[in-house]
There are 2 protein chains.
Amino acid sequence: MGEKTKGMGLLPVLQVTEEGRSDVEDVVAEEFPLTIILNNQELVTLLCTPVNLEYLVIGFLFSEGLLESRQDLKSIAVDKEKGVARVETIKKPPEEALPKRVEAQIKILPDEVFALMEEFQHRSQIFRTTGGVHAAALCNRRDILVFAEDIGRHNAIDKILGECILNDIPTDNRIIITSGRTSSEILLKADRRNIPVIVSISAPTDLAVRLADDLGITLIGFARGKRMNVYSHSWRIKS
Amino acid sequence: MGEKTKGMGLLPVLQVTEEGRSDVEDVVAEEFPLTIILNNQELVTLLCTPVNLEYLVIGFLFSEGLLESRQDLKSIAVDKEKGVARVETIKKPPEEALPKRVEAQIKILPDEVFALMEEFQHRSQIFRTTGGVHAAALCNRRDILVFAEDIGRHNAIDKILGECILNDIPTDNRIIITSGRTSSEILLKADRRNIPVIVSISAPTDLAVRLADDLGITLIGFARGKRMNVYSHSWRIKS
């Protein structure tokens with residue numbers, strides 16, 4: 001598939017409505033099995049959108065506590081034909097992954113959040129075409145800096161984090177946007193990169209809200225149009 | 001929490017709109033970590049909605065190929081305080097989990113699918129209140145027979161399968177409905193129970209469509225109102 005259709009494929013489909021049925025072609029999100037081999041040991045097979053796979057692998061290893069920084073990465077080779085990513089790292093004793101409190105003092109206006117969400121929803125190409133993927137973004141108060149799509153909401157955020165790690169993009173004082181629901185795992189991912197604000201189009205879980213409270217993270221949900229719910233650390237939202 | 005609020009919790013939230021801000025209480029979906037200990041070995045920790053946990057555990061073990069039937073189950077004890085499920089099974093040599101083709105000859109009218117979807121969407125209590133969960137159901141052509149909700153779309157289907165296994169509910173010639181996107185893993189779960197039709201409110205992935213085609217499963221997506229897309233084995237949809 002060419003550049004334009006990355007992450008999507010055309011399939012025959014029977015469309016049924018009250019008026020009758022018709023054979024058409026429909027665009028469907030690609031689902032790609034990618035096996036990660038870390039230091040010659042098979043680690044996991046991720047089901048993902050086959051775009052920016054290096055970022056996904058690095059972000060996943062970081063989120064799982066298996067990679068601390070770009071300096072610990074010796075090599076990464078993604079074989080898209082075989083669906084295999086081989087990663088070599090400098091082995092270190094397993095880290096004590098105690099979540100730390102985010103102290104960043106960034107403050108945002110509601111209108112800044114609303115504008116970012118509008119831009120975010122315009123960016124999501126594969127979703128608009130297939131309805132089958134999640135999106136995530138890293139932003140400052142004005143702009144989307146990094147954007148990713150994936151059939152998995154965790155993968156979309158790992159792609160963002162992986163791109164930040166590989167390209168030395170700072171995440172302190174920045175904002176994560178996600179199309180997906182916010183569960184505890186999403187909170188822990190953001191915390192590991194010291195990200196103080198998470199904004200979601202969808203709902204959070206109660207455990208995510210309690211974690212956000214404990215970790216000093218501002219958690220925003222149901223950010224749609226000119227409305228949002230702030231579940232924790234609302235002092236970062238300016239009047 | 002009482003019966004009425006199972007799977008949900010009340011939390012304080014700051015609601016921000018163009019008109020201003022107000023402190024309210026909002027209902028949020030519960031997220032519960034449940035650790036499964038199988039034959040005295042810790043297996044996995046699922047993040048889930050703490051309702052029908054026995055069904056979830058049995059369905060999960062079945063989907064993972066770790067439990068074949070109710071006859072192989074010696075005991076299950078769920079400790080909700082500790083978030084632990086202990087399961088004892090009759091150990092068997094690991095099964096060759098080759099997916100088999102579903103041959104069931106059930107045929108359905110589009111109107112039957114539309115009516116089931118309407119009923120399905122009315123049933124989803126936690127979703128209507130929190131916006132934060134997925135639902136799944138097992139149906140025949142006329143009625144919803146088993147219904148489950150969970151913050152995870154895989155969990156919701158595993159709860160359905162677990163209930164069918166524990167209560168000897170047949171699944172041949174029946175239909176699964178899911179609120180979530182249909183990925184390859186969902187197809188494999190249905191196939192293990194010989195279920196010939198999967199209907200989703202959302203999109204499928206390309207891999208799910210190809211698997212459905214190979215496995216003889218009728219895969220329907222975007223079933224909303226009086227419309228649906230049939231991606232495979234449309235011979236089961238009567239004119």
Side-chain angles (χ1 to χ4, degrees), chain A residues 8-21 23-24 26-33 47 49 110-111 113-114 127 130-134 151-152 181-185 202-211 213 219-223 225-232 234 237 239, chain B residues 8-21 23-24 26-33 47 49 110-111 113-114 127 130-134 151-152 181-185 202-211 213 219-223 225-232 234 237 239:
Chain A
M8 303 179 248
L10 262 185
L11 286 174
V13 53
L14 173 69
Q15 257 177 7
V16 181
T17 68
E18 277 185 297
E19 282 78 46
R21 46 183 72 200
D23 289 304
V24 298
D26 196 25
V27 183
V28 174
E30 270 187 86
E31 179 184 353
F32 184 81
L47 296 168
T49 299
D111 277 344
V113 177
F114 300 150
F127 179 79
T130 68
V133 298
H134 282 291
I151 54 163
R181 292 164 304 121
T182 320
S183 55
S184 56
E185 290 168 295
S202 311
T205 65
D206 71 330
L207 190 52
V209 174
R210 279 185 275 142
L211 261 178
D213 203 35
L219 178 57
I220 297 172
F222 293 106
K226 301 272 186 185
R227 302 182 67 91
M228 62 183 179
N229 287 350
V230 187
Y231 292 91
S232 59
S234 55
I237 308 300
S239 304
Chain B
M8 303 181 247
L10 262 184
L11 286 174
V13 54
L14 173 70
Q15 257 178 7
V16 180
T17 67
E18 278 185 297
E19 283 77 46
R21 49 182 74 201
D23 289 304
V24 297
D26 195 25
V27 183
V28 174
E30 270 188 87
E31 179 185 352
F32 184 81
L47 297 168
T49 298
D111 277 343
V113 177
F114 300 150
F127 179 79
T130 68
V133 297
H134 283 290
I151 55 164
R181 290 164 303 122
T182 319
S183 55
S184 57
E185 289 167 295
S202 311
T205 65
D206 70 331
L207 189 53
V209 174
R210 278 183 277 142
L211 262 177
D213 203 35
L219 178 57
I220 298 172
F222 294 105
K226 300 270 184 188
R227 303 180 67 90
M228 61 182 181
N229 287 350
V230 187
Y231 292 92
S232 58
S234 55
I237 307 301
S239 304

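- Nearest heavy-atom pair across A:Arg227 and B:Gln15 is NH2-OE1, 4.3 Å.
- Taking A:Ala29 as the reference, A:Thr130, A:Val133, A:Ile151 meet the side-chain contact (heavy atoms from CB on, under 4.5 Å) condition, with sequence neighbours excluded.
- Across A:Met228, A:Arg210, A:Glu19, the residue that shares the most heavy-atom pairs under 4.5 angstrom with chain B is A:Met228.
- Residues B:Tyr231 and B:Gly221 approach most closely at CE1-N, 3.6 Å, considering heavy atoms.
- Neither the backbone nor the side chain of A:Ser202 comes within contact range of chain B; no heavy atoms are under 4.5 Å apart.
- Residues B:Ala203 and B:Phe222 come closest through the heavy atom pair CB-CZ, 3.4 Å.
- With chain A as the partner, the residue from B:Val27, B:Leu207, B:Leu47, B:Thr182 showing the most heavy-atom pairs under 4.5 Å is B:Leu207.
- For the set A:Val113, A:Val230, A:Val209, A:Val28, the entry with the most heavy-atom pairs within less than 4.5 Å of chain B is A:Val230.
- Residues B:Asp26 and B:Leu11 fail the side-chain proximity criterion, which asks for heavy atoms closer than 4.5 Å.
- With a 4.5 Å cut-off on non-hydrogen atoms, A:Ser239 touches chain B through its backbone and its side chain both.
- Proximity to chain B (any heavy atom under 4.5 Å) is shown, for A:Asp111, by neither the backbone nor the side chain.
- Ranked by heavy-atom pairs under 4.5 Å with chain B, the list A:Pro33, A:Ser184, A:Ala208 is led by A:Ser184.
- Taking B:Thr49, B:Ile220, B:Val24, B:Thr17 one by one and counting their heavy-atom pairs under 4.5 Å with chain A, the maximum is reached by B:Thr17.
- With a threshold of 4.5 angstrom between heavy atoms, A:Ile237 approaches chain B through its backbone and through its side chain.
- Contact annotation: the side chain of B:Arg21 approaches that of A:Pro110 to within less than 4.5 Å [non-hydrogen atoms, C-beta and beyond].
- Listed by chain and residue number, A:Glu31, B:Arg153, B:His154, B:Glu185, B:Ile186, B:Thr205 satisfy the side-chain contact (heavy atoms from CB on, under 4.5 Å) test with B:Ser183 (two or more places apart in sequence, or in another chain).
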